[in-house]
There are 2 protein chains.
Amino acid sequence: MTGAEKRRTARISQILDAAALCFVEMGFHRAGMAKIAARAKMSPGHIYHYFESKEAIIAAIVDRESAKAAERFAELDAVDSNELASVMTERAIQSIEEKTDILQSALNMEMLAECQRNPEIACIIQRHDKYIRDQLTHLIGNKIGLDLAEARTDMMMVQFSGLANRLLRNPDMDLSSMIALMRQTMQSILTPDTIGDHV
Amino acid sequence: MTGAEKRRTARISQILDAAALCFVEMGFHRAGMAKIAARAKMSPGHIYHYFESKEAIIAAIVDRESAKAAERFAELDAVDSNELASVMTERAIQSIEEKTDILQSALNMEMLAECQRNPEIACIIQRHDKYIRDQLTHLIGNKIGLDLAEARTDMMMVQFSGLANRLLRNPDMDLSSMIALMRQTMQSILTPDTIGDHV
DNA sequence: TTGATTTTAGAATGAACGTTCTATTTGTTG
DNA sequence: CAACAAATAGAACGTTCATTCTAAAATCAA
């Protein structure tokens, strides 16, 4: 990578990092380019050498955040088949405990709200969602070897997003009982004969 | 109710209805007062005779939409105890099938995004969430008479919000299999001995 | 009907915002 | 080092937006 290319990717990271912070704090449409630029330590005008518009920055953020989530699922492919079910369960619990994921949740809601009126954003989100779903279905069906892998995947994904949603609506909720609930539900989803054959 | 009072409440409804439509289509912060006023068939300035600011309109919308959701749960109090479990299940499925709830989802996401930076909105949402949760816990614990009512309530609420979330992320999803999944999960939640005693 | 009060319209205001433009600095290359 | 290209700053522009202000229309009371 040449010096120019290095600088370019560094600047783009600066912009995306700054934008992500601003978006979490103020939302996509109240975060101004001036604020983003100040945080990225460059002039507003300079941002336009790397991004065509503010919309392009939003799209890039959505893509990056979705890709992050997808990557974490992809890591599970390397886990041993016998341990996979318990590793997935622990990962799920871990994501509840980590405070950092609340920031992620903030962006998630912003993204979901946005994808209902911005087709480009909707497309990005759907692409990553499909990737995660395919990945999980493969893990559950082929590696763990359970039947009805798609139904189990959907249950799991409902569980994940539902939990994030509830933590936003009720931030004072008792985390430990939520974790117990999540552990049990995950085990139930990843156990044979739990799901009826009428699905 | 005097003529003046009638007119007043009519105008307020006009404004809230118009605002709700605008907010669904463009989001809280891109929907301009001019658009809302045009849709409510009055001048922008006139809106300020009924609402102190745009923020106040947002708060009123959040309150109204949350109250609508809470009301639908309150209706279940009148249902016969023996039928309650199946009525709740059918209600859940119905809410998946109704296309109108997608509009509701749009507003929900907007509201959840907003409540992360607007404490007043957060307060409104938390109040209604607590009301719904208490209501459900009462129904499950006292009317149906199941143990571990709080845990079952939380599972149910996770399920609900999770499903709405997933339908946004993957609008082409097969509804009938989702409904089958929901029916089974609801039955599982509302059946004794489903939940382990370590919760 | 007349006077008073409320309701309504619509233009005016001032701030904020996304974007563009011009100029300056920095870095690279022959 | 000189000359050119890329990077960067920051002011300027045009627009949009929430809000305010002024005045007209409508309603009501007596």
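Residue numbers start from 1 in every chain, and the chains themselves are labelled A, B, ... in the order their sequence lines are given, proteins ahead of strands.
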Find the distance [X]:[atom1] to [N]:[atom2] and express it as a whole number of Å.
{"X": "B/E55", "N": "D/dA18", "atom1": "CD", "atom2": "C1'", "result": "11 Å"}
{"X": "A/H29", "N": "D/dT16", "atom1": "NE2", "atom2": "P", "result": "16 Å"}
{"X": "A/H49", "N": "C/dT26", "atom1": "NE2", "atom2": "P", "result": "16 Å"}
{"X": "B/K54", "N": "C/dA16", "atom1": "NZ", "atom2": "P", "result": "15 Å"}
{"X": "B/H46", "N": "D/dA24", "atom1": "NE2", "atom2": "C1'", "result": "14 Å"}
{"X": "B/I47", "N": "D/dA18", "atom1": "CD1", "atom2": "C1'", "result": "11 Å"}
{"X": "B/R11", "N": "D/dA26", "atom1": "CZ", "atom2": "C1'", "result": "11 Å"}
{"X": "B/R30", "N": "C/dA16", "atom1": "CZ", "atom2": "C1'", "result": "16 Å"}

Taking only side-chain nitrogens and oxygens of [X], does any of them come within less than 4.0 Å of OP1 or OP2 of [N]?
{"X": "A/S43", "N": "D/dG10", "answer": "no"}
{"X": "A/Y50", "N": "D/dT8", "answer": "yes"}
{"X": "A/R7", "N": "D/dA6", "answer": "no"}

task = Report which part of the nucleic acid A/A37 touches: base, sugar-phosphate, or nothing (heavy-atom distance under 4.0 Å, all strands).
result =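 Since no nucleic acid heavy atom lies under 4.0 Å of A/A37, the category is nothing.
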message = Need one value for A/A31: base, sugar-phosphate or nothing, where a base atom within 4.0 Å counts as base even if backbone is also close, heavy atoms only.
response =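 Sugar-phosphate contact only - A/A31 comes under 4.0 Å of backbone atoms but never of a base.
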Closest non-hydrogen atom pair, [X] against [Y]:
{"X": "A/M155", "Y": "B/T185", "value": "CE-OG1, 4.0 Å"}
{"X": "A/A74", "Y": "A/Y131", "value": "CB-OH, 3.5 Å"}
{"X": "B/G162", "Y": "A/S161", "value": "O-OG, 3.5 Å"}
{"X": "A/F160", "Y": "A/A92", "value": "CZ-CB, 3.4 Å"}

inquiry  = Between A/A4 and B/G32, which residue's closest nucleotide on DNA chain D lies nearer the 5′ terminus?
reply    =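 Final value for this comparison: A/A4.
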task = Using the closest heavy atom to pick a nucleotide of DNA chain D for each, name whichever of B/G45 or A/R8 lands nearer the 5' end.
result =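 Residue closer to the 5' terminus by nearest nucleotide: A/R8.
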key: Any donor-acceptor N or O pair under 3.5 Å, side chains A/E65, A/N108   =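 No.
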inquiry  = Nearest to the side chain of A/M33, heavy atoms from C-beta on, is which of D/dT19, C/dT19, C/dA9?
reply    =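 For A/M33, the side-chain atoms sit closest to C/dT19.
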